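Worksheet for the structure shown next.
Numbers here are sequence positions counted from 1. The structure displayed is predicted, hence computed values, not measured ones.
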Amino acid sequence: MQNRHGEICPLDTTLKILTGKWKSIILCRLMENDLRFTALLHTLPGCTRRMLSLQLSQLIDDQIIAKEVDANFVPTKTSYHLTDLGLSLVPIIHAMDTWGSQYIDALSH
C-alpha cells in the first residue's frame with residue numbers, strides 16, 4: 001500500500017502497481033493469454049531480459065501476476081498469467097486506455 005501523503009492512498013497504490021516502463025504492456029500482453037518468458041520478451045522490442053525479469057518480479061510481489069513452473073517439460077516450462085487481482089485490473093486498464101485515446105484526440109485538434 002502506498003503511504004505518500006501521510007495517509008494510505010488507494011489511487012497512489014494503484015498507480016504504484018502500474019508504474020514501470022514495461023508493466024502496462026506486460027499486463028496488456030497477459031490479458032490476451034498466458035505467456036512464457038521468452039515469448040513475452042519477443043513481444044516487447046527494446047526490453048532487456050533483466051528489465052523484464054525485474055518488472056515481472058514486481059508484479060508477482062504485488063500479486064498481480066503469477067509464475068507457473070511445469071517441471072514435466074525439458075527445459076522446465078515457465079509461464080506467467082494474471083491472478084484474480086490482476087484480472088480485476090482489466091476494466092481499469094481498458095478505461096485508462098480509452099481515456100488516453102480521448103486525451104490524445106483532444107490534444108490533436
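Applying the side chain to side chain donor-acceptor pair (under 3.5 Å) rule to D105 yields no partners; only residues at least two apart in sequence or on another chain are considered. Under the side chain to side chain donor-acceptor pair (under 3.5 Å) criterion, T43 pairs with R29, sequence neighbours left out.
Considering only heavy atoms from C-beta on, V90 comes within 4.5 Å of L82 through its side chain. Between N72 and K77 there is no side-chain heavy-atom pair separated by less than 4.5 Å. Within the 4.5 Å cutoff, the side chain of Y80 has no heavy atoms near those of the D34 side chain. The shortest side-chain heavy-atom distance between Q58 and I64 does not fall under the 4.5 Å cut-off. At least one side-chain heavy atom of L18 sits under 4.5 Å from a side-chain heavy atom of L27. Contact check for T78 versus K67: side-chain heavy atoms found under the 4.5 Å cut-off. When side chains are defined from C-beta on, I93 counts as touching C28, because their heavy atoms get closer than 4.5 Å. For the pair T14/D12, no side-chain contact is recorded, criterion being any heavy-atom separation below 4.5 Å from C-beta on.
With values rounded to the nearest 0.5 angstrom, H81 atom NE2 is found 15.5 Å from M31 atom CE. We find the NZ-CG distance between K21 and L54 to be 13.0 Å, quoted to the nearest 0.5 Å. The line from OG of S53 to CZ of F37 is 5.5 Å long, rounded to the nearest 0.5 Å.
Dense packing is recorded around CG of D61, with more than 12 heavy atoms of other residues, nucleotides or ligands lying under 6.0 Å away.
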Pair D70-T76, side chain to side chain contact (heavy atoms under 4.5 Å, CB included): steps then yes or no:
CA-CA 6 Å; D70 187 346; T76 302; 5.8 Å; no
Does the side chain to side chain contact (heavy atoms under 4.5 Å, CB included) test come out yes or no for T13 and L15, once each step is laid out?
CA-CA 5 Å; T13 299; L15 292 173; over 6 Å; no
Show, in sequence, the C-alpha distance, side-chain angles and deciding distance for T83 and I60, and conclude whether the side chain to side chain contact (heavy atoms under 4.5 Å, CB included) test is met.
CA-CA 9 Å; T83 63; I60 290 168; over 6 Å; no
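A continuous path of Ile, Leu, Val, Met, Phe, Trp and Tyr side chains, each step under 4.5 Å between heavy atoms, connects M96 with L30, placing both in one hydrophobic cluster.
Contact detail for I17 and K23: the closest heavy-atom pair is O-CD, 3.2 Å. Between M51 and W22, the shortest heavy-atom distance links the atoms CG-CD1, 3.3 Å. Shortest non-hydrogen contact noted between R49 and T38 is NH1-OG1, 4.2 Å.
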